[in-house]
Structures are given as C-alpha cells and as structure tokens.
There are 2 protein chains.
Amino acid sequence: MENKNRYNEILTKEGFKKTKHRTDILEILYNSDKPLSAEEIYLYLKQNDSSISLSTIYRNMDRLIERNLVIKNTLFNDNKARFEISRKNHKHHIICLKCNKMIEIDECPFKELENKIKNETGFEIETHKFEIYGYCENCKDNKK
Amino acid sequence: MENKNRYNEILTKEGFKKTKHRTDILEILYNSDKPLSAEEIYLYLKQNDSSISLSTIYRNMDRLIERNLVIKNTLFNDNKARFEISRKNHKHHIICLKCNKMIEIDECPFKELENKIKNETGFEIETHKFEIYGYCENCKDNKK
DNA sequence: ATGTGTGCAAAGAGTTTGCATAGGT
DNA sequence: ACCTATGCAAACTCTTTGCACACAT
C-alpha cells in the first residue's frame, strides 16, 4: 500500500467522505491484479489487523460503481460478484475452471470491433467483458 | 416447439431418462434467442399450462451443463444465472444496460487469439465469454 | 451541527439439498 | 423391479436493508 492518498482528490470531487474503510477498499482493489469478492476484501482487512462489516463493503461498492471508480465483474460461474478498480487500461483474464487461477491477457483487441458494432446496431457502447476459460497447466491432467 | 424429439437421441446416449421436464427445458432453451434464467423457464412453463418446480430446473441444469448440452451464462450484472443451449456456432451479444435488449453479434473473432494465449500460458482452453454493454437506440438519451 | 458512514441483526433473493413419492426403462 | 427424476420444504449463501450510533466536514 504505497500511497494511501491516491484517491483522496477523486473522493472529494465525487462528494464522498474520506473514510478509512473507503480508502482501504480502493487501495486493496488498486493493488490487486484480479477482481475480488466482497468476502475476499473482508478477509484481507481482517488479516491485516483491521475490520469492516460486509454491509459496508457492499454499500461502498454500489456507490463506487455508480461513480465509475469500480467495476462489478460477474464473469465467474459461482454467482458471486467480484469487484475491480476501473483503470484507464482495462485487462482481460484467462481463468482456470478448476482452481480459479487467473492470468492477465495483455491485449484488448476490441476497439475496432466496438466501432463496427456501434455503427451496425446504433448502440452507445459503454464497456465490454471478455474472459477465456480453461484448465491451467497444473489442473489440465486432473480436471475433476 | 417444432420438434420435441430433437434431443431424444442425445439424452439416451448421455444416460438421461427422457422426461417431459427435461425435453421441455431443452426445447425452451433451443427456441430462445437469449439466455434464460431458471425463473424465466419456470414462468414460461406455467404460462403454457405446464408446471415444474424450480429445484427440478436447477438440478437439470447442473446435469445438462456437465454434459455440455447447456452453458451457464453469468454475464448480466444481477447475480442471477442464465442458461443457454450449447450450439455448434456460439454467439456473442450486445446488451442494453437499461432495458436489457440483446442483439446478436455475428462474428466470433477469437480463434487466433485463443491459440496465441494457449501457447503463452499453457492453458487448455475450453471456452470464452465476450459481451458488449451499452445503451440501445431507445435508451441512450434517457439512461436513468 | 449536520448529514453521511458504519455495524449489527434481520430480511431478501437465488440456489441447493434431504426426503418421500412418482415415473422411465 | 430398479434406479433416476421430481416436488416440497427447509437450509444455505450472497446481498440488501432498517435502525441506532459514530464519524467526517
């Protein structure tokens, strides 16, 4: 956690109060290379001598998502929401169907495609989701 | 529902008993142009003078997914699972963030990318998800 | 001082499970 | 006859909400 003040300015501008919980959540997501569930955030704080209630996490997520500071990710198959920081350069992942290991995919090759689809459908495009699923090297010979 | 026997052969081969509920579910998904939630399937049958319990739907889904006859889709943001028939040529969609209107995207341009990622990560790739989100022509001037 | 933020417990929503009965082979 | 499939109700998991108190501005 190098810079606890990373989000101070933005929080003020967006009308948020700067609370410890809010900055904690944002820092955890900022420093994570993968989307985290509410429970994962909860446990992280617990293991680092802090404490927070799950309802506080969910309530903050709602507001941070509204202001586009956080993105809700439902790409796993366990019906559990995960959250990630909204970054200028978003990332996609490849996810192991057995152990849930995730590796980032560097490129996002969808800019052209989005333009094409915008023209064809008249949609105003906000975002997209793309993830690949399979079995990682450790799991692929032992899928069950 | 043109052909109630579409899945009979497959069901037998996969060790399923041919029950009315199972073929109903498969036909509904087969004839739907979008993924359906368990409740949507439940209501569809109810409105068509049939009846089924939600647990039956969920139990069937688990088994049909195991055999790759059905795909679980978690790409919506409401933490509700949706199910779709597994087709030879899968489709991607663009989804309106307000009214949930979906339009199919014709192409699936990810075959090359999958090969590249397979080589880079060692993953054995099973599938991928890709959807685009935005506002359709009707909703884009009135997002709230 | 005011309004926003928080914890706790309870409520909600979606999904899963145990058990007795019904139905397919 | 056997074993799978189903309905019902209860249990479970994740998320949301009401309320009283705490904290940031």
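Protein chains get the first letters and strands the later ones, always in sequence-line order, with residue 1 at the start of each.
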Rounded to whole angstroms, how far apart are CG on A/Leu64 and P on C/dT4? 16 Å

Spacing of B/Asn73 atom CG relative to C/dG14 atom C1', expressed in whole Å: 16 Å

So, A/Glu27 side chain and A/Asp24 main chain: donor-acceptor pair closer than 3.5 Å or not? no

For B/Asp78 and B/Lys80, indicate whether the former's side chain and the latter's backbone hold a donor-acceptor pair under 3.5 Å. yes

Spacing between A/Glu14 atom CD and C/dG5 atom C1', to the nearest angstrom: 17 Å

Short N/O separations, protein against nucleotides 11-14 of chain D, under 3.5 angstrom:
residue : atom : partner : partner atom : Å
D/dC14  : OP1  : A/Lys80 : NZ           : 3.0

Atom NZ of B/Lys72 with >12 non-hydrogen neighbours under 6.0 angstrom: yes

Going by side-chain hydrogen bond (donor to acceptor under 3.5 Å, both in side chains), name the residues that satisfy it together with A/Thr19, two or more places apart in sequence or in a different chain. none

For nucleotides 21-24 of chain D, give me every protein contact, N/O to N/O, under 3.5 Å, one pair per line with atom names.
residue : atom : partner : partner atom : Å
D/dA24  : N3   : A/Lys17 : NZ           : 3.3

Any residue meeting salt bridge (Lys or Arg N to Asp or Glu O under 4.0 Å) with B/Glu14, in chain and number order, not counting sequence neighbours: B/Arg67

Just by distance, with hydrogens left out, do A/Asn60 and A/Arg22 show a side-chain donor and acceptor under 3.5 Å apart? yes

All side chain to side chain contact (heavy atoms under 4.5 Å, CB included) counterparts of B/Lys18, not counting sequence neighbours: B/Asn8, B/Leu11, B/Thr12

DNA chain C: B/Asp62 or A/Gly15, which has the more 5' nearest nucleotide? A/Gly15

Would B/Ile71 and B/Ser86 count as a side-chain contact (heavy atoms from CB on, under 4.5 Å) if you check the C-alpha gap in whole Å, the side-chain angles of each, and the deciding distance to 0.1 Å? CA-CA 6 Å; B/Ile71 294 166; B/Ser86 170; 4.0 Å; yes

Euclidean distance, atom CG of residue B/Asn60 to atom P of C/dG23 [Å, nearest integer]: 16 Å

Scan nucleotides 7-12 of chain C nucleotide by nucleotide, 5' to 3', and note B when protein non-hydrogen atoms come under 4.0 Å of the base, S if they reach only the sugar-phosphate, - if neither. BB----

A/Arg63 side chain vs A/Phe16 backbone, donor-acceptor pair below 3.5 Å: no

When rounded to the nearest 0.5 angstrom, what distance separates CG in B/Leu26 from OH in B/Tyr7? 6.0 Å

Do A/His21 and A/Thr56 have side chains that approach each other closer than 4.5 Å (heavy atoms only, starting at C-beta)? yes

Answer yes or no: does a side-chain N or O of B/Arg63 lie under 4.0 Å from OP1 or OP2 of D/dA5? yes

How close or far is atom P of D/dG7 from atom CZ of B/Arg22, stated in whole angstroms? 12 Å

Value in whole Å for how far the P atom of C/dG14 lies from CD of B/Glu40: 11 Å

Atom pair distance, as rounded to whole Å: NZ in B/Lys46 and P in D/dG7: 13 Å

Please report the distance, rounded to the nearest Å, between CG in A/Asn8 and P in D/dT25. 9 Å

